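Following: one structure in structure tokens, then a few remarks.
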Amino acid sequence: MSEHNEAASHAATPEASTSGFRPASVAAVPLSTLAEALGVAVPEDGDSRGVTGISLNSRAVEPGDLYMALPGASRHGADFVPQAVDAGAVAVVTDDAGARQLALAGEQPVPVLIVEEPRTVVGRLAALIYRSQPDDGGFPTLFGVTGTNGKTTTTYFINSLLRALGKTPGLIGTIEILAGGDPIPSLLTTPESTDVHALLAKMRERGLEAASMEVSSHAVAYHRVDAVMFDVAGFTNLTQDHLDLHGSMDEYFRTKAELFTAGRARKAVVMVDDEWGRELARTADIPVTTLAATQGVPADWSVASTTARGLGTDFELRHADGRILRVHTGLPGDFNVANAALATIMVLASGTDVEALQAALDAHDPFTVAVPGRMQLISTAPAAVVDFAHNPDALARALQAVRSREEGSRVIVVFGATGQRDQSKRPTMGAIAARLADIVIVSDDDPHDEDAAAIRSDVLGGAHAAREAGDLSCEIIESSPRDAAIRLAVDLATPKDTILIAGRGHEVWQEVKGVNLALDDRVELRAALTSRGFSVSTDQRIES
């Protein structure tokens, strides 16, 4: 995110430093080397100016940094060059507009390199400065997971399986970043390319053997994974989401598909349960292993012999050549079977021996792990679950997954829709809730700058229309604020029921009109359950 686009978020939350992303030691790269890589004139003192870091934000600049002054919607990064220089920036990269702005301000105390589209060179420069994936090796095996749903859980599953294999892995994702030390809170599904390359260098410095990363469509579109080479890229699925950015499902797919090209990944594992996955497997220009969780869908590896065990599932992965892997996940839902299957085959595709992989699966049960805010069980009577499901497909899967077979059990769902995002999915989500839940409580997600009542109205409209069209018996309730909606759900529940709090998962802030309000669905749900005398789970393990 460039400096000017971050202004609103900084007004709402304390600024998060990215210094924790950087390696402890960086050998200075001569500015002349970077200028030559860009194909621009080398400054007179280019050989003597050493660059040890790179930043898009003047507030995050450290001594020795290259400051990227990027153009934006309302401000240009050139506005902040004085602050960057004061903080220790040794040079600036900007475009023609930024250079003109700096020229009008007078002679600059540091060299200014001018490129046509500076955003497109950030990743390449970061890779050179941090030597994140040098030609001589020694860097972690890198797994990248993309798709609409399942990215977070799959990366946690990969991490857990790698640990079961005796490796020390890193993680870059929505919830947290792990680089061999204390967890670093994550602000973006995929960090900026400056931070991605710094993190990869930090992992290499600390001797990590592998890492898994969530790769969002935003990450590809906004150049956050430029100059990153993934050893194995994985694809989960593609369903309606982020159309406010991409405009159409075709464009959304094309953006995702860029990850599966020779310049970004060496090989791929692609779920082919939907047509988008099958199209990706047909068109990717890197070696692809196909995987299907749906019966009857042709693939190299297929999920078979699924058997319920507790909340989870035992299943087999069968290759077309007859090989079999026996797998278990303790997380509920068919989608977690798919996530576990994808994690298994991605690790296998990285070169892991089949026998070693089976031994790790048998000995450590790596897919029975708490993933924060992803089908996270808070209590068992009633069953109360917090999940990040925030689009139509994910909500439907979550509701189906939590439906109990116990007679007289009801599903109570609390959810909303995010403001300033794809509005077309709001009535769709309302309709899905009406069809799959017994009590539908429509509340607020993150309204952002939209009117929260208007968002709820869109969702409620879809729910009421579906109830009338299908002659459904579900109860539909509007309740706000969200903590009150959660308490209402618990008040309505019996020990036989299931409560699903959907949409926000691990998030601990709710943004309303530019203000971040403290709100953690898990905390509110535990408090509401406890106040009614229900027992809550004491197992808060998070795989890190």
Side-chain angles (χ1 to χ4, degrees), residues 16-26 60 126 130 132-133 138-146 150-216 219 224-225 228-234 236 331 339-340 342-344 346-347 350 352 360 364-376 388 505-508 520 522 539-544:
S17 170
T18 60
S19 60
F21 293 0
R22 301 190 185 203
S25 177
V26 178
Y130 292 120
S132 51
Q133 293 178 307
F139 49 86
T141 300
L142 189 58
F143 300 86
V145 182
T146 196
K151 295 187 296 295
T152 299
T153 299
T154 302
T155 55
Y156 269 77
F157 279 176
I158 291 171
N159 219 40
S160 184
L161 180 53
L162 291 168
R163 287 182 183 276
L165 287 161
K167 298 183 183 297
T168 305
L171 177 73
I172 301 175
T174 302
I175 298 170
E176 62 183 351
I177 293 165
L178 304 170
D182 294 332
I184 304 168
S186 181
L187 299 178
L188 299 169
T189 300
T190 312
E192 286 289 356
S193 58
T194 50
D195 296 329
V196 168
H197 287 282
L199 285 163
L200 293 177
K202 185 170 188 170
M203 291 177 187
R204 179 168 60 85
E205 181 180 70
R206 292 183 169 184
L208 272 64
E209 299 165 88
S212 55
M213 182 191 304
E214 294 181 53
V215 184
S216 65
R224 294 179 193 155
V225 289
V228 175
M229 176 58 71
F230 293 92
D231 293 284
V232 184
T236 59
L331 273 63
N339 294 335
L342 180 57
T344 302
M346 287 183 68
V347 172
S350 72
T352 302
H364 298 282
D365 194 19
F367 306 139
T368 299
V369 58
V371 182
R374 291 349 187 239
M375 297 305 289
Q376 190 170 350
F388 192 53
H506 65 287
E507 294 175 352
V508 297
D520 186 327
R522 297 162 296 180
D539 182 6
Q540 303 305 329
R541 290 173 301 162
I542 294 176
E543 177 68 18
S544 295

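From a predicted model like this one, the values you see are computed outputs, not experimental measurements.
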Got a sec, which residues hit side-chain contact (heavy atoms from CB on, under 4.5 Å) with Glu507, two or more places apart in sequence or on another chain?
Phe388, Asp446, Arg504

Looking at residues at least two apart in the chain, or sitting in another chain, which of them share a side-chain hydrogen bond (donor to acceptor under 3.5 Å, both in side chains) with Ser132?
His197

Using atom types as modelled and distance alone, determine if a side-chain donor or acceptor of Thr352 lies under 3.5 Å from a backbone N or O of Val347.
yes

Any chance you could measure Ile177, atom CD1, to Glu214, atom CD, to the nearest 0.5 Å?
10.0 Å

Glu205 side chain vs Ser25 backbone, donor-acceptor pair below 3.5 Å:
yes

When you look at Leu178 and Asn159, which way does the side-chain contact (heavy atoms from CB on, under 4.5 Å) test go after all the steps?
CA-CA 10 Å; Leu178 304 170; Asn159 219 40; 4.0 Å; yes

Any chance you could measure Tyr130, atom OH, to Leu199, atom CG, to the nearest 0.5 Å?
9.5 Å

Here the pair of heavy atoms bringing Ser193 nearest to Ala126 is O-CB, 3.9 Å

Is there a side-chain contact between Glu209 and Leu165 in this structure, where contact means two heavy atoms from C-beta onward sitting under 4.5 Å apart?
no

To the nearest 0.5 Å, what is the distance between CE (Met213) and CG (Leu142)?
5.0 Å

To the nearest 0.5 Å, tell me how far Asp195 CG sits from Leu200 CG.
11.0 Å

I'd like to check the side-chain hydrogen bond (donor to acceptor under 3.5 Å, both in side chains) partners of Thr146; sequence neighbours left out, ordered by chain and number.
Lys256

ring-ring contact (aromatic ring centres under 6.0 Å, His included) with Phe157: which residues, sequence neighbours excluded?
Phe367

Nearest heavy-atom approach of Ala340 to Thr344 is O-OG1, 2.8 Å

May I ask you to test the Met375-Thr153 pair for a side-chain heavy-atom distance under 4.5 Å?
no

From the list Glu176, Arg374, Lys151, side chain to side chain donor-acceptor pair (under 3.5 Å) partner of Tyr156 resolves to Glu176

Reported CD1-to-CE distance for the pair Ile172 and Met203, which is rounded to 0.5 angstrom
4.0 Å

Which heavy atom of Ala233 sits nearest a heavy atom of Met346, and at what distance?
C-CE, 4.0 Å

Contacts of Pro366 meeting side-chain contact (heavy atoms from CB on, under 4.5 Å) (sequence neighbours excluded), chain-then-number -> Ser160, Leu161, Ala164, Leu361, His364

Please check if the side chain of Arg204 supplies one atom and the backbone of Pro140 the other of a donor-acceptor pair under 3.5 Å.
no

Can any side-chain N or O of Gln133 pair as donor or acceptor with the backbone N or O of Met229 at less than 3.5 Å?
yes

Of all heavy-atom pairs between Leu162 and Pro169, which one has the smallest distance, and what is that distance?
CD1-CB, 3.8 Å

In terms of heavy-atom contacts, Arg522 and Gln376 come closest through CD-OE1, 3.2 Å

What I'd like to find out is whether the side chain of Ser212 reaches to under 4.5 Å of the side chain of Val145, using heavy atoms alone.
no

Reported CG-to-CZ distance for the pair Asp231 and Phe139, which is rounded to 0.5 angstrom:
6.5 Å

